[in-house]
Amino acid sequence: MKHCQSIVALINSTIATQFGLAADTFQSLQSPERISNTMIRFLKAMASPETEDLRTALIHHTDFGTLTLLANVVGGLQILS
């Protein structure tokens, strides 16, 4: 979790700097010590053994919040065409 927080802090700092804002503009609004709507969710979904089976583990959805970090062993975000 701390590693993820450091990644988010770096991204927030970079985005703020590119917008011409102080580097801590976004990070100061997302303190891990304050109550927030930040959430972490761990999911385990097995891949379908059938290549024709296009079901996904989660129904289609939109993530909310400033950033979403996705880490999986399959190789990334899965998008159905």
Taking only residues two or more places apart in sequence, or in another chain, which ones meet Gln18 in a side chain to side chain donor-acceptor pair (under 3.5 Å)? none
List in chain and number order the residues that pass side chain to side chain contact (heavy atoms under 4.5 Å, CB included) with Leu10, two or more places apart in sequence or in another chain; answer none if no residue qualifies. Thr14
Counting only pairs under 3.5 Å, give me each side-chain donor-acceptor contact of residues 20-29, with atom names and distances, residues two or more places apart or in other chains.
unit_1, atom_1, unit_2, atom_2, d
Thr25, OG1, Ala22, N, 3.3
Thr25, OG1, Ala22, O, 2.7
Gln27, OE1, Asn12, ND2, 3.0
Ser28, OG, Asp24, O, 3.0
Ser28, OG, Thr25, O, 3.0

